[in-house]
Structures are given as structure tokens and as C-alpha cells.
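Remember, predicted model here, so these are calculated numbers, not experimental data. In what follows, chains carry the letters A, B, and so on, assigned in the order in which the sequence lines appear, proteins first and then strands, with residues in each chain numbered from 1. Heavy-atom basis, side chains included; hydrogens, waters and symmetry copies ignored.
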Protein chains: 2
Amino acid sequence: MNFTTRQVEIIEASKYLIGKKGIQNLTIKNLAKKMSFSEPAIYRHFKDKTEILKALLLFHREIIKSEIIKILDSEKPSLVKIQEIFKFKFKHIEKNPAFVMIIFSETSFQYCSVLSSIVSKIMEQRSKKIIDLLKEGQKNNEIRNDVEAEQLATIIMGGIRKTILSWKLEGFKSDLNLEGEKLWITIQKLIKK
Amino acid sequence: MNFTTRQVEIIEASKYLIGKKGIQNLTIKNLAKKMSFSEPAIYRHFKDKTEILKALLLFHREIIKSEIIKILDSEKPSLVKIQEIFKFKFKHIEKNPAFVMIIFSETSFQYCSVLSSIVSKIMEQRSKKIIDLLKEGQKNNEIRNDVEAEQLATIIMGGIRKTILSWKLEGFKSDLNLEGEKLWITIQKLIKK
DNA sequence: AAAAAGTTAGTAAACACTAACTATATTTGA
DNA sequence: TCAAATATAGTTAGTGTTTACTAACTTTTT
């Protein structure tokens with residue numbers, strides 16, 4: 001976990017490349033160009049490409065971790081701590097667009113604008129439908145209206161995505177439908193009047 | 001949008017390949033092998049690889065769309081409609097794992113188990129910290145305790161991810177921090193006692 | 001003197017895709 | 001009606017490009 005200055009430079013260059021055009025923009029060729037030296041020189045500092053990505057992830061995990069520990073160790077109410085973590089996450093992402101590219105797969109289509117615009121359009125249409133439904137529900141006094149329908153939709157769709165993602169990362173082992181039902185029970189309690 | 005039987009067969013084979021090992025497993029070579037014919041034969045049915053992915057997305061969008069319209073057109077309360085869309089999404093994903101691979105980027109690392117396990121570990125640790133905080137808040141009577149902390153964490157982290165993703169898909173135009181604040185106001189209202 | 005960090009030139013593999021040919025249906029016209 | 005013409009769907013063999021990575025040599029720093 002101790003990196004040389006050159007290694008940190010390479011990590012930063014990798015971050016730049018990924019942030020610009022996504023994971024598939026991180027090639028040894030591009031990296032060498034960005035570092036203004038030849039391709040084989042990269043291999044004097046990292047065994048292979050995987051090690052670079054590994055370093056990138058671990059290097060930043062440490063930064064984020066220390067920031068979160070600072071928040072957790074303070075003497076504030078839990079809700080305030082959560083809020084501060086919340087704020088930190090958004091600030092960090094804005095400063096490090098590379099992580100958006102790493103975290104979101106639509107990046108896979110980044111190289112192909114036709115496909116990425118299809119995905120983005122589909123998502124937008126889905127959002128719109130959910131928002132309309134929520135507004136309807138607010139009108140009919142089924143759903144609380146002290147909160148914006150747009151934000152509720154974000155929470156609902158985000159919750160679904162997060163549940164599916166966890167299921168995937170755990171190797172598809174848990175019962176997805178059961179997890180979905182548990183999530184729904186909570187969402188229902190939170191949003192209904 | 002009218003596909004020949006062979007085209008549908010190729011779409012299904014593509015879905016199978018992506019579902020098994022992610023987007024990067026969809027190569028013409030693998031597709032030809034799965035179809036048990038030669039690589040150039042693929043090009044008799046699709047102009048290029050992008051067209052195959054495009055067809056895959058559009059083909060399934062129609063299926064999902066018609067299902068959602070059925071739900072929307074029924075005479076039920078909005079909350080029930082939302083619940084039904086909710087259930088349908090989870091059922092559909094479970095039946096079509098290819099879409100999980102397409103939708104989530106961690107897929108980008110799928111080929112490299114070292115990296116994907118790092119990402120998954122980082123996410124798990126983050127979840128755990130948020131859940132602990134929420135439980136603490138529930139104990140201290142800051143946060144409502146008629147809902148499980150795990151589900152609240154899912155909603156919070158999911159909401160964050162969804163907000164960031166929308167920001168990305170819109171081309172990083174909106175003010176991310178502002179969106180984050182709006183989301184927080186809603187989440188706070190929903191979870192505090 | 002030797003270790004560290006760079007160079008040029010190149011390899012092998014994977015990739016999407018093509019040219020040119022062949023077998024098999026389908027359509028057409030006397 | 002049935003052979004010739006044509007369209008469809010497959011084949012083998014190969015191209016050019018991009019990829020991560022290496023061998024062997026040189027320069028720079030310690």
C-alpha cells in the first residue's frame with residue numbers, strides 16, 4: 001500500500017483517462033502517452049495492467065476511509081453523521097469523475113453513443129412513469145405529499161438497483177424476489193400517507 | 001423492429017453469453033460458436049456487432065413496455081400499481097440475468113475476479129457502516145424504528161447511486177451537489193422520527 | 001559498479017470484419 | 001410443369017487493427 005511517486009503519478013494518469021472516456025480508455029498506450037514516456041516504461045512500475053487498477057482502487061479506498069472515520073469518530077447525532085457522509089460522497093464523486101465511470105456500467109457503452117443513448121432514454125422513460133404514478137398517488141391522498149415525487153422516484157428506483165446489484169455481487173445466491181418484497185414493505189411504510 | 005427467426009435466435013444467444021460472463025463475453029467468435037455456425041454467417045443477419053446489441057435492447061424494451069402499460073391501464077390505486085411494477089422488475093431481472101450484466105458496470109471487472117472482489121468488498125464495508133449508524137440512530141430515537149436499518153441503508157445508498165447515474169447520463173450538466181441536497185432533504189423527512 | 005528507469009523494436013493473441021466461393025431454397029418464365 | 005435464374009444463407013481463408021506485454025539495449029542515479 002506504499003506507492004512510489006511514479007506509481008502515484010501513474011494512478012493519477014489512469015484516473016484522468018478513465019474519467020475522460022471510461023474504463024476502456026485506460027490502455028497502456030494511452031497511459032504511456034499521458035505520462036509522456038514509452039509503453040514498456042509503465043512495466044517498470046507495475047507488474048501488469050490489473051495491478052494498476054488494483055492500486056487505483058486501494059489508493060482511493062484509503063482516502064475515503066480516513067474521511068469517513070473522521071466523521072464517525074465525531075460526537076454528533078447519528079442523523080448528522082449520515083448527512084455528513086452523504087455530503088462527502090457527492091463532493092468526492094464530483095472531484096473524481098473516474099469513479100463514476102468505474103462504478104457505472106453504462107460506461108461499457110460509452111464508446112458507442114448509439115447504445116448509451118438507448119439505455120439512457122429507456123431509463124428516463126421509466127423514471128417519468130414512476131414520477132407520474134407517484135404524483136397521481138399524492139393527488140389521491142395515497143402517498144405523502146410533504147416530499148417531492150421526483151425524489152421519491154429516485155429513492156425507489158435507486159433502491160431497486162442497489163438490491164439487484166448486491167444480489168449480483170453476492171453471486172446471485174440470495175432470493176432476489178424475497179429481497180424485493182422486503183424492500184417494498186419498507187418503501188411502502190415510508191411513502192404512504 | 002421486425003426480426004427474423006434467425007435474428008431472434010442470435011439475440012437470445014447474445015443474451016445467454018452476456019448473462020453468463022458479461023458484455024465482454026459477447027464476441028462474434030463466441031456468438032458463432034453458440035449458434036453452431038461460422039463467424040461470417042452472423043453478418044448475414046446483422047450489419048455489425050452494434051446492431052446486435054441495439055436489437056437486444058430494443059427487443060426487450062418492447063416486452064417490458066407492454067407489461068408496464070398493462071399495469072398502468074388497470075383500475076387500481078397508484079400505490080398498488082407501483083407495487084406491481086416493483087414486483088415485475090424483480091421477476092424480469094431474475095429471468096434475464098443478461099440485463100444485470102448490461103446495467104451494472106462492475107461487469108467491466110467481471111473478467112478479472114481480483115478487481116470485482118475489491119469493488120464488492122468496498123461496497124459491503126460502506127453498507128455495514130451506514131447500517132450501524134442507522135441502528136445507532138434508531139436506538140437513540142433519532143430515526144424511526146418501524147423499518148429495518150438494512151432496508152433504509154439500501155434506499156439511501158441506492159438513492160445516491162441513482163442520483164449520480166442520472167447526472168452522468170445527462171452529461172454531467174446539472175449541479176450534483178444541489179441534487180444531493182434535495183435528495184437528503186427527502187431522505188431525512190422519510191427516516192427521522 | 002551496479003541498480004533503477006528509461007529506450008526501440010517487436011511478438012502473439014484477440015478482435016471485428018471481408019472477399020470469394022458454395023450449397024440450398026425460392027421464384028420465374030417458356 | 002419444370003428447368004434455369006436468382007436470392008438466401010452458409011462456408012473457408014484471410015486482413016488489418018488493437019491489445020497487453022517482452023527482449024535486449026541505453027541512459028541516469030545512487
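- In this structure, CD1 of Ile10(B) is placed 12 Å from C1' of dG10(D), rounded to the nearest angstrom.
- The CE-P distance, from Met35(B) to dG10(D), rounds to 8 Å in whole Å.
- You can see that DNA chain C meets the heavy atoms of chain B within a 4.0 Å-exclusive cut from dC15(C) to dC21(C), reading 5' to 3'.
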Test side-chain contact (heavy atoms from CB on, under 4.5 Å) applied to Leu56(A) and Leu26(A), step by step: CA-CA 12 Å; Leu56(A) 174 70; Leu26(A) 180 68; 5.7 Å; no
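- What separates CG of Leu31(A) from C1' of dT19(D) is a distance of 14 Å, to the nearest Å.
- Within a heavy-atom distance below 4.0 Å of DNA chain D, the residues of residues 38-45 of chain A found are Glu39(A), Pro40(A), Tyr43(A), Arg44(A).
- With salt bridges taken as basic N to acidic carboxylate O contacts below 4.0 Å, none links Lys121(B) and Glu124(B).
- Under the 3.5 Å distance criterion, the side-chain polar atoms of Asp48(A) are matched with a main-chain donor or acceptor of Glu51(A).
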Please set out all donor-acceptor pairs under 3.5 angstrom arising from side-chain atoms of residues 31-47 of chain A, sequence neighbours excluded.
none

Output side-chain donor-acceptor pairs under 3.5 Å for residues 139-147 of chain B, partner residues at least two apart or in another chain, one line each.
residue	atom	partner	partner atom	Å
Asn140(B)	ND2	Glu136(B)	O	3.4
Asn141(B)	OD1	Lys193(B)	NZ	3.0
Glu142(B)	OE1	Ser78(A)	N	3.1
Glu142(B)	OE1	Leu79(A)	N	3.0
Glu142(B)	OE2	Ser78(A)	N	3.2
Arg144(B)	NE	Asp146(B)	OD1	2.9
Arg144(B)	NH1	Leu190(B)	O	3.3
Arg144(B)	NH2	Asp146(B)	OD2	2.9
Asn145(B)	OD1	Lys193(B)	NZ	3.4

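- Residue-level contact check: Ile52(A) touches neither bases nor backbone, having no heavy atom under 4.0 Å from any strand.
- Shown here are the side chain to side chain donor-acceptor pair (under 3.5 Å) partners of Lys76(A), two or more places apart in sequence or in another chain: Glu84(A).
- Atom OH of Tyr16(B) has 12 or fewer neighbouring heavy atoms from other residues, nucleotides or ligands inside a 6.0 Å radius.
- Take the nearest nucleotide of DNA chain D for Ser36(B) and for Lys47(A): the residue whose nucleotide is more 5' is Ser36(B).
- Here side chain to side chain donor-acceptor pair (under 3.5 Å) pairs that include residues 87-97 of chain B, with residues two or more places apart or in two chains, are Asn177(A)-Glu94(B), Lys15(B)-Asn96(B), His92(B)-Asn96(B).
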